[in-house]
Amino acid sequence: MDSILTISNLTKKFGYLTAVNDLSFTINKGNVYGILGPNGSGKSTTLGIVLNVVNKTSGDFKWFDGNTTTHDALKKVGAIIERPNFYPYMTAVQNLKLVCKIKGVDESKIEEKLEIVGLLERKDSKFSTYSLGMKQRLAIASALLNDPEILILDEPTNGLDPQGIHQIREIIKQIASQGTTILLASHLLDEVEKVCSHVVVLRKGVNLYSGRVDEMISSHGFFELKCSNIEALVKVLENHPSFATIKVNEQLVTAFLNEPLKSETLNKLLFEKGIVLTHLVQRKESLEEQFLTLTNNQ
Amino acid sequence: MYRLLNIELHKLKHSRSSKILIITYFVLLTSIALVAAIKFDIGPIKFHLAEMGIFNFPYVWHFNSYISAIFKLFLAIVIVSMMSNEYSNKTIKQNLIDGLSKKEFILSKFYTVILLSLVSTLFLFTVSLVLGLIFSSYTEFSIIFSDLEYLLAFFVKLVGFFSFCLFLGILVKRSAFALGFLLVWQFIEGIVFGVLRWNTNPEIASTIMQFFPLNAMSNLIKEPFTRLSAVQSVANQIGEKFNFDYAIHWYEITIVIGWTALFIFLSYLLLKKRDL
């Protein structure tokens, strides 16, 4: 698989503080990656380093095959970090024309990209008159101008209202569906869960996990059960080899699996033992639960 | 080079305040011509400045480049703000992310400085030539085109001064503070000169001071007033004799070019070292 970005042993220190600590991971073509981590975990610093605005302390990173200089590689990348930064006195079109000149691409794509983010009617308004949501959408249009090999988004929905968040997510999903590689940094887990196939989990600059979202922790999920005779139910479950831990919370029994087990098998087994369930749900841990498990364990 | 210049001009072209300042600057350059209109005609006292010989070739080159250099402050504001606004709008960050290298970023600003200085010099040349042709007593070809080194000095002076502004813009990141710093620096040079003069003698003091950036720039074109024949004849009558060296020396130009290179290099170093 073609690698787009390879980071090896990257470290960044701000005085005493180590913002990124010996970080390594690889971004391959065609996947949607999420960088997850609480605030201050080094997400933005890592992106800043690979985007040529923050100087690394040690380690290395290379774009594509490693034969292009960073600033030339960045012409094939679309990126927005933190807040959208444009010249307030220029209109959307004038700002995008400038980006075209920097990236060395033709100006013919401007209208098309403004259409994608729904800003075509306001294309001749000054940037300073835009709302935050519109600024963020203009930033996405600007990042798309060169039809990038990879789109890097750092907290793209930060500070937006629910409608704005929804619009941005729809745009991201639409771009992802066209096969563009995306790297999305966020502390919003449901956001990453909704769009990403792979994650890199950071805490205090250390890489806790990188890989597929669904393989993040080796878990077979759990059952949520209810019935009229809780004591009998718990007794049966405790004697069953497939269950690791059983938790009882008021009327709800949560049973964690240590090996795969189908819900119909369990249902049948319990019925045969004379227990009739009023509630049966089989679930996997959500990304949030997995994330908390991962960040608390270490 | 054309691409970098094009990028920077795009930024200037759409900024209203920069446009107004640049236009004001060139209007002021042209306004030297208005000096020609200064004319008193009160009964027996007749005074017409243009007839006093200030537009005589080759003196006009000296006089006009000295006066025009005063207006450079207007462009200095444009240059300081075109640098510091990149910081306050954080557009420098976006420029780098979009694929401009730090070196290209500095170069795009420096090319603009050179272009603005070049246009100013050409402008000055045209205005002075026209004024000279109208008012000068001598219009022989060889006299018209003598002493043109004042134009070179004017160009070097502008590039040096604007490079200083560029550097201050990067260093301080705020346009108002950068301009304030420029003023403070002028005072510092004045104070150092005073201290040196006090402790040594005027000659040693000016020998040392010629290496300070602002002093080196102002040394390039010396004041032209005492060179004017009308002033000299008045001075002769009251028994004074001026004996100044008005010429431009190669070492003075070298010092300013040295500062220019240093300012641009330091700007690049600062940008490279800094995390944005």
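None of these values were measured; they are calculated from a predicted model.
Options A/I81, A/N85, A/L74 differ in how many heavy-atom pairs under 4.5 Å they form with chain B, and the most are formed by A/N85. The candidate from A/Q94, A/K76, A/M90, A/R83 with the greatest count of non-hydrogen atom pairs under 4.5 Å with chain B is A/Q94. Chosen from A/N146, A/L98, A/L51, A/V54, the residue pairing most often with chain B at heavy-atom distances under 4.5 Å is A/L98. Between chain A and the options B/E86, B/K13, B/K272, heavy-atom pairs under 4.5 Å are most frequent for B/E86.
Closest non-hydrogen pair, B/K102 versus A/N52, comes out as CE-O, 3.7 Å.
Here the OG atom belonging to B/S101 is positioned 7.5 Å from the NZ atom belonging to A/K75, to the nearest 0.5 angstrom. With values rounded to the nearest 0.5 angstrom, B/H14 atom NE2 is found 9.0 Å from A/N95 atom CG.
Summarising the local packing, CZ of B/F181 is surrounded by 12 or fewer heavy atoms from other residues, nucleotides or ligands at distances under 6.0 Å. Atom CZ of B/F71 sits in a crowded spot, with more than 12 heavy atoms from other residues, nucleotides or ligands closer than 6.0 Å. Counting heavy atoms of neighbouring residues, nucleotides and ligands inside a 6.0 Å radius, atom CZ of B/F74 does not exceed 12 of them. The environment of B/F187 atom CZ is sparse: at most 12 non-hydrogen atoms of other residues, nucleotides or ligands sit within 6.0 angstrom. Other residues, nucleotides and ligands contribute more than 12 heavy atoms inside 6.0 Å of the CZ atom of A/F14.
Interface with chain A: from residues 88-100 of chain B, residues B/N89, B/K90, B/T91, B/K93, B/Q94, B/N95, B/L96, B/I97, B/D98, B/G99, B/L100 qualify, criterion being any non-hydrogen pair under 4.5 Å.
For B/E104, the salt bridge (Lys or Arg N to Asp or Glu O under 4.0 Å) partners at least two apart in sequence or on another chain are B/R3.
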- Between B/R16 and A/Y89, does a side-chain contact (heavy atoms from CB on, under 4.5 Å) hold up when you go through it step by step? CA-CA 8 Å; B/R16 189 187 295 165; A/Y89 53 82; over 6 Å; no
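Contacts of A/F86 with chain B are made by backbone atoms alone, with heavy-atom separations under 4.5 Å and no side-chain atom involved. Proximity to chain B is limited to the side chain of A/K12, based on heavy atoms less than 4.5 angstrom apart.
A/K101 and B/H10 share a side-chain donor-acceptor pair at under 3.5 Å.
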